[in-house]
Amino acid sequence: MQILLPREEIAEAVARIGKEITADFAGQSVVLIGVLKGACMFLSDLARQIELDATFDFIAVRSYGTKKESAGEVQLIKDVTSSLRDQNVILVEDILDTGLTLTFLKNMLMAHHPRALKIAALLDKPSRRASTIDADYVGFQIPDRFVVGYGLDFAERYRNLADICVLENEAVVE
Ligand code: IMP
Ligand code: MG
C-alpha cells in the first residue's frame, strides 16, 4: 500500500498537538474522550504528549452507510461513564470527513455542560464537509482519498498499520 503519512510524521504531529493542548489548558485538568475504535492509537499517543492532569473516557458510535461513507445517521452505542460537567473535554477522533459524526457527538456532549469542549482530529478531509464543523486541533489536512492505518480501518482491517496508507483499488472495494 502507498504510504501517505509515515509514522515519524504522525509522531511529530501528535507531539505538536500535545504541546498545543498543554499550553491551552495550562494549570487545568482535561478529560480526553476517544471515539472508538478509530481514535485508540491517536488517543494513547496524544495522551503521553499532554503534560497536564488528564483522565480518559471513550464513546462509540455506529453510522449507517457503505463501508467507506457514513450516511449521516449516527447512533451512540457506548456513552461516557464519567460526569463531564465543568470539565475541559477534548473529543479525540481519527478523521473529520463529512463532519456528521462529530457534529452529532459535539451536540451530545454539550448537553453535559462541560466547561470547554474542543475537538482534536488527527486527519481532516475538508473537501468532503457536509456539516459546518471544524476541529480545534488538526494533525493533517489530506485530500479526498480513503486512508487506513494508525487506527483507521476498512471493514475493521488495517487498524494496526503503523503508517497511514491510501487503500489501493479504491474503486473495487465499495
Ligand atoms: P464523518 O461523519 O463523515 O465525518 O465520518 C467520520 C468517520 O468516518 C470516521 O470516524 C471514520 O470512522 C470514517 N472515515 C472517514 N474517512 C475515512 C477514511 O479515509 N478512512 C477510514 N475511515 C474513514
Ligand atoms: Mg471513526
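As the structure lists them, so they are numbered: ligands from 1, and atoms in each ligand from 1. Residue numbers start at 1 and run along the sequence shown.
- The distance from ligand 1 to the heavy atoms of L100 drops below 4.0 Å at these ligand atoms: 2 (O), 4 (O).
- Neither the backbone nor the side chain of L123 has a heavy atom within less than 4.0 Å of ligand 1.
- Panel note: side chain R7, backbone A11; no donor-acceptor pair is recorded below 3.5 Å.
- Any N or O atom pair closer than 3.5 Å counts here, and F146 shares no such pair with ligand 1.
- Of the candidates V74, L36, I95, T101, it is I95 that places a heavy atom closest to atom 13 (C) of ligand 1.
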Handout entry: Derivation and outcome, side chain to side chain contact (heavy atoms under 4.5 Å, CB included), residues R115 and Q28
Key = CA-CA 11 Å; R115 175 175 173 166; Q28 303 175 59; 3.6 Å; yes
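- A donor and an acceptor atom, one from each side chain of D94 and Y150, are nowhere located under 3.5 Å apart.
- Residue L152 touches ligand 1 through its side chain alone, judged by heavy-atom distances below 4.0 Å.
- At a 3.5 angstrom cut-off on N or O pairs, G99 counts as close to ligand 1.
- Under a 4.0 Å heavy-atom criterion, V147 is in contact with ligand 1.
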Practice task
Show the numbers, then the answer: is there a side chain to side chain contact (heavy atoms under 4.5 Å, CB included) between L36 and I59?
Solution key: CA-CA 6 Å; L36 295 173; I59 50 183; over 6 Å; no
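- Counting atoms of ligand 1 from 1 in the listed order, those under 4.0 Å from a heavy atom of T98 are 1 (P), 2 (O), 3 (O), 4 (O).
- Separating the OH atom in Y158 from the CG atom in D163 is a distance of 15.0 Å, to the nearest 0.5 Å.
- With hydrogens and angles disregarded, no donor-acceptor distance shorter than 3.5 Å links the side chain of D57 to the backbone of V80.
- R48 places a side-chain N or O within 3.5 Å of a backbone atom of S44 that can act as its donor or acceptor partner.
- Distances shorter than 4.0 angstrom occur between a heavy atom of D153 and an atom of ligand 1.
- Each of the atoms 19 (O) of ligand 1 lies under 4.0 Å from some heavy atom of R145.
- The closest approach between any non-hydrogen atom of V148 and ligand 1 is not below 4.0 Å.
- Residues S127 and D144 come closest through the heavy atom pair OG-CB, 3.7 Å.
- Across K125, R129, E93, heavy-atom proximity to atom 16 (N) of ligand 1 is greatest for K125.
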